[in-house]
Amino acid sequence: MDEEQFKGSWPQFKCEVKNKWGRLTDRDLFEVEGDYLKFLGIVQKKYSDRKAEVNRWAEEWYERHAPLFTKEAESRSKKSKVGAA
């Protein structure tokens, strides 16, 4: 998952990450606000002992949900083309 993919999936991701990794607070998630590097930094700070596990979970989460984000982007693109015509 790259930074753009992370940012695009942030609204859905942050809900699940908070449920799965409870040490991440609302304040942490507010600070991250879709920034992948900030997310990695907070994970390092809160879960240094399980950093690899959190990162692996995030990658797997994105892989499971990526098709949904692709469909949403295609739908938005079609709507904007129709509106421009």
Side-chain angles (χ1 to χ4, degrees):
M1 170 171 40
D2 66 26
E3 289 184 43
E4 284 300 312
Q5 293 167 330
F6 186 81
K7 188 172 188 166
S9 63
W10 179 246
Q12 297 84 2
F13 180 77
K14 72 179 176 181
C15 294
E16 290 193 41
V17 77
K18 186 172 180 207
N19 289 333
K20 176 75 175 169
W21 304 99
R23 289 185 208 163
L24 298 172
T25 65
D26 287 335
R27 183 181 180 103
D28 293 331
L29 298 177
F30 180 77
E31 287 179 27
V32 170
E33 199 52 49
D35 186 310
Y36 189 57
L37 296 177
K38 286 182 182 178
F39 173 72
L40 294 177
I42 292 210
V43 166
Q44 173 67 36
K45 185 170 122 182
K46 300 278 183 154
Y47 287 98
S48 61
D49 58 327
R50 297 173 69 190
K51 179 184 172 189
E53 183 182 352
V54 177
N55 289 337
R56 185 173 49 255
W57 177 85
E59 290 290 335
E60 290 170 356
W61 182 92
Y62 183 77
E63 289 300 316
R64 285 191 313 273
H65 294 85
L68 298 174
F69 303 124
T70 303
K71 287 178 185 176
E72 287 175 10
E74 289 172 356
S75 177
R76 285 192 302 269
S77 177
K78 287 178 184 176
K79 287 179 183 177
S80 67
K81 287 179 184 176
V82 170

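Keep in mind that this is a model prediction, so the values were computed, not measured.
- The pair K14-D35 fails the salt-bridge criterion, with no side-chain N (NZ, NE, NH1 or NH2) lying under 4.0 Å from an Asp/Glu carboxylate O.
- Rounding to the nearest 0.5 Å places CG of N55 at 12.5 Å from CZ of R50.
- With sequence neighbours excluded, no residue satisfies side chain to side chain donor-acceptor pair (under 3.5 Å) with E33.
- Here E3 pairs with nothing under the salt bridge (charged side-chain N to carboxylate O under 4.0 Å, His left out) rule; sequence neighbours left out.
- Taking CD of E31 as the start and CD1 of I42 as the end, the distance is 5.0 Å to the nearest 0.5 Å.
- A search for salt bridge (charged side-chain N to carboxylate O under 4.0 Å, His left out) contacts involving K46 returns D28, not counting sequence neighbours.
- Y47 places a side-chain N or O within donor-acceptor distance of the main-chain N or O of R23, the cut-off being under 3.5 Å.
- Note on ring orientation: taking the six-membered ring where Trp is involved, the planes of W57 and F13 are tilted (angle from 30° to 60°).
- Between D26 and K18, the shortest heavy-atom distance links the atoms OD1-NZ, 2.5 Å.
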Query raised in the report: Going through the checks in order, is the side chain to side chain contact (heavy atoms under 4.5 Å, CB included) test met by V17 and F39?
Result: CA-CA 11 Å; V17 77; F39 173 72; 3.9 Å; yes
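- Under the salt bridge (charged side-chain N to carboxylate O under 4.0 Å, His left out) criterion, E16 pairs with no residue at all, not counting sequence neighbours.
- Side-chain atoms of S48 do not come within 3.5 Å of backbone N or O of K45 as any donor-acceptor pair.
- For R56, the salt bridge (charged side-chain N to carboxylate O under 4.0 Å, His left out) criterion is met by no residue, not counting sequence neighbours.
- Counting heavy atoms from C-beta on, the side chains of F6 and V32 come closer than 4.5 Å.
- Interatomic distance, CD of Q5 versus OH of Y36, reported as 9.5 Å (0.5 Å rounding).
- Annotation: side chain to side chain donor-acceptor pair (under 3.5 Å) contacts of K38 (sequence neighbours excluded): none.
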Requested in this report: Might you work through the ring-ring contact (aromatic ring centres under 6.0 Å, His included) test for W10 and Y62, ending with a clear yes or no?
Outcome: CA-CA 10 Å; W10 179 246; Y62 183 77; over 10 Å; no
